[in-house]
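Heads up, the thing below is written out as structure tokens.
Throughout, protein chains are lettered first and strands after them, A, B, ... in sequence-line order, and every chain is numbered starting at 1. Predicted model only: the values in this text are computed from it and were never measured.
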Number of protein chains: 2
Amino acid sequence: MTSFLPIPANSDFTLSNIPFGIFRTSSLSPRICIAIGSHLLDIRTFHENSGFRSLHQLQVDSTVFSAPTLNPFAALPQLSHNLIRAYLISVLTTGGPFPDILENNAELQMKCLHKLEDVTMCLPMEIGDYTDFYAGRVHAYNVGCLFRGPENALQKNYEQLPVGYHGRASSIVISGTNVRRPRGQTGEGVFGECQRLDIELEMAALIGRGSSLGDPVSTEKAREMVFGYVLMNDWSARDVQAWEYIPLGPFTAKNFATTISPWVVLPIALEEGGYMVQGLERWSKTPVQPYLQEGGANMIGVDLEVRINGETMTKTNGKNLLWSFNQMIAHHTVTGCNMRTGDLLGSGTISGEGEGERGCLLEATSGGKNPVKIGGEERTWLKDGDEVVIMGHCGEGEKRVGWGECRGKILPAKPLQ
Amino acid sequence: MTSFLPIPANSDFTLSNIPFGIFRTSSLSPRICIAIGSHLLDIRTFHENSGFRSLHQLQVDSTVFSAPTLNPFAALPQLSHNLIRAYLISVLTTGGPFPDILENNAELQMKCLHKLEDVTMCLPMEIGDYTDFYAGRVHAYNVGCLFRGPENALQKNYEQLPVGYHGRASSIVISGTNVRRPRGQTGEGVFGECQRLDIELEMAALIGRGSSLGDPVSTEKAREMVFGYVLMNDWSARDVQAWEYIPLGPFTAKNFATTISPWVVLPIALEEGGYMVQGLERWSKTPVQPYLQEGGANMIGVDLEVRINGETMTKTNGKNLLWSFNQMIAHHTVTGCNMRTGDLLGSGTISGEGEGERGCLLEATSGGKNPVKIGGEERTWLKDGDEVVIMGHCGEGEKRVGWGECRGKILPAKPLQ
Ligand SMILES: [Ca+2]
Ligand SMILES: [Ca+2]
Ligand SMILES: [Mg+2]
Ligand SMILES: [Mg+2]
Ligand code: NI
């Protein structure tokens, strides 16, 4: 199965993927698109030119394709996402069943296709609420050891529920947005530029269909509520965090910026590719609560990489989580909290066991005590001008399903007024 | 100064107040209004019938008055709110400067006035992010004593910054919405109906004009960003909270419902009435950081009352806070977090020093150990069917400025599926 559009070797955007996003150009307002090879397909224009005329199984309100965010599209039933994606795959396949739609339609190709480097990607969704979890047990354990020693590294609740907290939605930014070094309080009478600026390598889920206030969602139902997944960098000011977080959790240390990738990979792409795998095994002998039980391969087996200034800092895998996104949703809603289309759930920092597998600098440097070598340079925390890129993909070649990148560069703190 | 509309004795909605809200009826879609006595004035219809024609100082885009939320109105400069409110006062005053607008215009009165009991009030704003602070020091101290004893009751950061955490925006509901008793995890292997359901008496601020990502807001600038204030009940599942909150703060214990009052009182009403007062004095000898400094009367001197099933549980005052809303905003944005129109900031539980002045049952009953008498009945936590009403007002008679009520009733937990 090949496309009549060029798909470079190592492209994340194969016919097996078809991730959704929102783009704009100097002349086009923000609109829905999918990525294929080094191009994107403008789905709004495609729809306006009857591109969906051979998709007979489905009638979709056209406002879904003309919206400036993915929210109306994401709010459709998961089955509709899957049908539309399958149709787009068939339309993009060489010698597919509908050659008149795009393959032999040079005019529509001219109208709908853009090179990825010619467009600006936007936040894919309007995000109502953002919640960050802490499901990376290797990370939680390592950080716990730093603060409390190995005996008490994991809190007693850690293996009984997906620990998480509410984050800040207003400061979620799209890949490529520069991040200002924050100033803040780091101790009694101490205020200044953050000296311990860090990243957090995370995967995140965006909610498609929401749920009602008062109605807990089962893990099974939760699967159908996930619209798709993005890469996430949860920038963190560790010195601010240590001073402020007791007793109500991280606050200004984490609300100055959270970067997500522009491309949303649908669950179906990961399932079809066989990329869902088992996560970590629980250590606790106390059985998991019925509302959190979920069998099978529920983690994204995504190969993740973090680069700083082009040099690899970390390579790890998305399976290093104790709780799946479905379990996070089930827990999030257990007391009755409602989910809305566009809500974002972060996994928590993903780290592997090995030396070069740490998802943040706090862990990689043991709290700043042991600098790590990145590209021949010793480093502890982020410096002004550092550019951090997170990448992630499953599989290779024609079967590759990836996210592209989640990028951000540190700007020096603004001069005080 | 009296109105040609009847204003009952003890009305919260005098000519000195003029709070804004959103109402609907079976035939009218949600729209902007103000309260006056036992009536409301439909501002959308008022505007459509040229009610603002004598307000010459101001040109306002008419979408501001036709929106289904207060967001576009709140996003106007504070000066515009003040001009519009002053104009409405003059229009509602007997023998005012513009008698033709409403006083002598029976037809427009018919069109625009509704009895409060004939309408349904809606959430006043679309709330992007909700943040809950912990600025009630009496409360923080009492709760700290319960958990850690008087020596360590207040954490070291408590007097250095307004401690707060991000809350859940999706589950904010309007006064009158019933609240389901939640189920949740309360210990290792323990799951069931919440046994320690509680209220939290709070004031909250709604943001008018927002701020930009990366730009900290001074306390002075913050004053101009507050659109207005509401009453808030931050329902809390104490048994869930105790088990889940370490180390990242309260999560499912507080995201099942947060109730706010429908009427938004503008800062100008409180300033004109002389109702802004000094808050608590800091105990710490470490000077407050420059970015948090704020002089003068910055607390709302509001008399607050909580009733359960009509019986008084609590009487206290809004001055029992260590940090003002302006200071909360300055702290919230210090690392660069942006604020958006409609963001909600809760004060934290407000308690006074005395016995009958506790803003939550956790405090009033010393963690459930000492039942309190409310209307002749001994009680510890909320029972199914309990109806909680929070009320608040400043001043009396013609000068009274109040919020009406913030009401919610506990429904039994839903049967398990
Ligand atoms: Ca995180
Ligand atoms: Ca609270
Ligand atoms: Mg963040
Ligand atoms: Mg709440
Ligand atoms: Ni009074």
Tell me, side chain or backbone of A/Y158 under 4.5 Å from chain B's heavy atoms, or both, or neither? neither

By the definition side chain to side chain contact (heavy atoms under 4.5 Å, CB included), identify the one residue from A/T259, A/T349, A/D132 that meets it with A/D234. A/D132

Determine, stepwise, if the pair B/Y165 / B/Y130 fulfils ring pair (Phe, Tyr, Trp, His ring centres under 6.0 Å). CA-CA 9 Å; B/Y165 66 104; B/Y130 153 47; 7.5 Å; no

Looking only at B/E188, B/M339, B/E126, the option with the highest number of non-hydrogen pairs under 4.5 Å against chain A is B/E188

Interface residue of largest heavy-atom contact number with chain A, from B/Q155, B/R168, B/R180, B/Q160, under 4.5 Å: B/R168

With respect to chain A, which residue among B/V240, B/L161, B/V163 yields the maximal number of heavy-atom pairs within a distance under 4.5 Å? B/L161

Do you know which of B/Q289, B/Q185, B/H331 has the most heavy-atom pairs under 4.5 Å to chain A? B/Q185

Once rounded to the nearest 0.5 Å, what's the spacing between atom NZ of B/K254 and atom CG of B/D198? 8.0 Å

Is B/F147 in contact with chain A via its backbone, its side chain, both, or neither, using a 4.5 Å heavy-atom distance? neither

Side chain, backbone, both or neither: which part of A/L411 has an atom under 4.5 Å from a heavy atom of chain B? neither

Checking B/I172 against chain A: side chain, backbone, both or neither under 4.5 Å from a heavy atom? neither

Taking every heavy-atom pair that is under 4.5 Å apart, which of B/G214, B/G189, B/G210, B/G164 has the most such pairs with chain A? B/G164

Under 4.5 Å to a heavy atom of chain A? For B/D343 that would be side chain

Between B/Y134 and chain A, which part of the residue has a heavy atom less than 4.5 Å away: side chain, backbone, both or neither? side chain

Parallel, tilted or perpendicular, judged at 30° and 60°: which one describes the rings of B/H166 and B/H332? tilted

In terms of heavy-atom proximity below 4.5 Å to chain A, should B/L248 be classed as side chain, backbone, both, or neither? both

Could you point out which residue of A/T335, A/T131, A/N338 forms a side chain to side chain contact (heavy atoms under 4.5 Å, CB included) with B/N255? A/T335

If you draw the axis of the six-membered ring of B/W323, does the NZ or CZ of B/R137 fall within 45° of it and under 6.0 Å from the ring centre? no

Check each atom of B/S284 against the heavy atoms of chain A and say whether the ones under 4.5 Å are side chain, backbone, both or neither. side chain

Is it the side chain or the backbone of A/S218 that comes within 4.5 Å of chain B heavy atoms, both, or neither? neither

Examine whether an atom of A/A237 lies under 4.5 Å from a heavy atom of chain B, and if so say whether it belongs to the side chain, the backbone or both; otherwise answer neither. neither

Per-residue tally against chain A (heavy atom, under 4.5 Å) across B/G249, B/G144, B/G184 peaks at B/G249

If one checks every heavy atom of B/V190 against chain A at 4.5 Å, the contacting part turns out to be backbone

